Structures are given as structure tokens and as C-alpha cells.
Amino acid sequence: CDCMQFEQSFIERLIQYDDLAFAQFYEQTADQFFRYIVSHYTLSVEEAQDILSDVYLKIWNNLGKYDPKYQF
């Protein structure tokens, strides 16, 4: 599986809105998300970057809703 795996302690920091953890999450995942968007949709680089920004904003705004019984 090329699923991203994160340690429970890291996820706990994320759901507590830890800025440094979120920055690390972004660094570890942005390239993979960006490549997925570009390869699955016919968009300009700018449009793909806008979508990526929206994705991370939604993640940030909804971290408090994360249910630990599901894979992060």
C-alpha cells in the first residue's frame, strides 16, 4: 500500500492544531497530493496549486473532527 502512515503521537499533535506538526505533515504529503491532482485532472499548475491549498485549509479546519478509529 502506498498509504501514508503516521505515528499516533504525531496524529495527536495534529489534532491539537500544533503548527509545527502541521508544517511537517505538509512537507511529507504535499508533493504526493500535488502529483495526484495533476495526474488525475486536466488543470494548469496554478489551478492544481489552488486546489492543494484548499485541501490543506480544509484539513486544518477539520482536524478536530478526526475520528481515531479511521486511518489518518
Side-chain angles (χ1 to χ4, degrees):
C1 171
D2 38 322
C3 302
M4 295 175 225
Q5 299 292 321
F6 300 98
E7 292 181 15
Q8 186 61 34
S9 60
F10 181 72
I11 294 170
E12 288 171 8
R13 288 177 49 216
L14 279 173
I15 61 177
Q16 292 172 1
Y17 294 93
D18 181 310
D19 291 337
L20 293 175
F22 194 77
Q24 183 179 353
F25 173 72
Y26 178 86
E27 289 294 321
Q28 291 177 355
T29 60
D31 185 56
Q32 188 171 355
F33 286 155
F34 183 78
R35 284 185 282 122
Y36 178 87
I37 293 166
V38 169
S39 67
H40 286 81
Y41 302 96
T42 307
L43 302 167
S44 69
V45 171
E46 292 79 16
E47 290 171 316
Q49 290 170 333
D50 285 346
I51 290 170
L52 188 64
S53 294
D54 289 345
V55 166
Y56 282 97
L57 183 59
K58 285 187 183 279
I59 292 170
W60 177 260
N61 289 334
N62 291 287
L63 284 171
K65 297 177 183 177
Y66 170 67
D67 186 342
K69 70 181 175 189
Y70 298 106
Q71 182 178 356
F72 193 86

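The residues of the chain are indexed from 1 along the displayed sequence. Note that this is a predicted model, so its numbers are computed, not measured.
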Exercise. Tyr17 side chain to Phe22 main-chain N or O, any donor-acceptor pair under 3.5 Å?
Worked result: no

For this session: Check for a donor-acceptor pair, side chain of Tyr41 on one end and backbone N or O of Ala48 on the other, with a separation under 3.5 Å.
Result: no

Exercise. Can you tell me how far the CD1 atom of Ile37 sits from the CD atom of Gln49, to the nearest 0.5 Å?
Worked result: 10.0 Å

Exercise. Between Trp60 and Asp19, is any pair of side-chain heavy atoms under 4.5 Å apart?
Worked result: yes

Problem set entry | Closest non-hydrogen atom pair, Leu63 against Ile15 | O-CG2, 3.5 Å

Problem set entry | From Asp31 atom CG to Tyr26 atom OH, the distance as rounded to the nearest 0.5 Å | 9.5 Å

Problem set entry | More than 12 heavy atoms from other groups under 6.0 Å of CD on Glu7 | no

For this session: With rounding to the nearest 0.5 Å, note down the distance linking CD in Glu12 to CZ in Phe6.
Result: 14.5 Å

Exercise. Going from OG1 on Thr29 to CD on Gln24, what distance comes out if it is rounded to the nearest 0.5 angstrom?
Worked result: 10.5 Å

For this session: Evaluate the side-chain proximity of Ile59 to Tyr66: yes if any heavy-atom separation is below 4.5 Å, no if none is.
Result: no

Exercise. Are Val45 and Leu43 linked, directly or through other ILVMFWY residues, by side chains that come within less than 4.5 angstrom of each other?
Worked result: yes

For this session: Might you work through the side-chain contact (heavy atoms from CB on, under 4.5 Å) test for Phe25 and Ile11, ending with a clear yes or no?
Result: CA-CA 9 Å; Phe25 173 72; Ile11 294 170; over 6 Å; no

Exercise. How would you list, by chain and number, every residue that makes a side-chain contact (heavy atoms from CB on, under 4.5 Å) with Ala21, sequence neighbours excluded?
Worked result: Phe10, Arg13, Leu14, Asp18

For this session: For Ser53, check side-chain contact (heavy atoms from CB on, under 4.5 Å) against everything at least two apart and list the hits.
Result: none

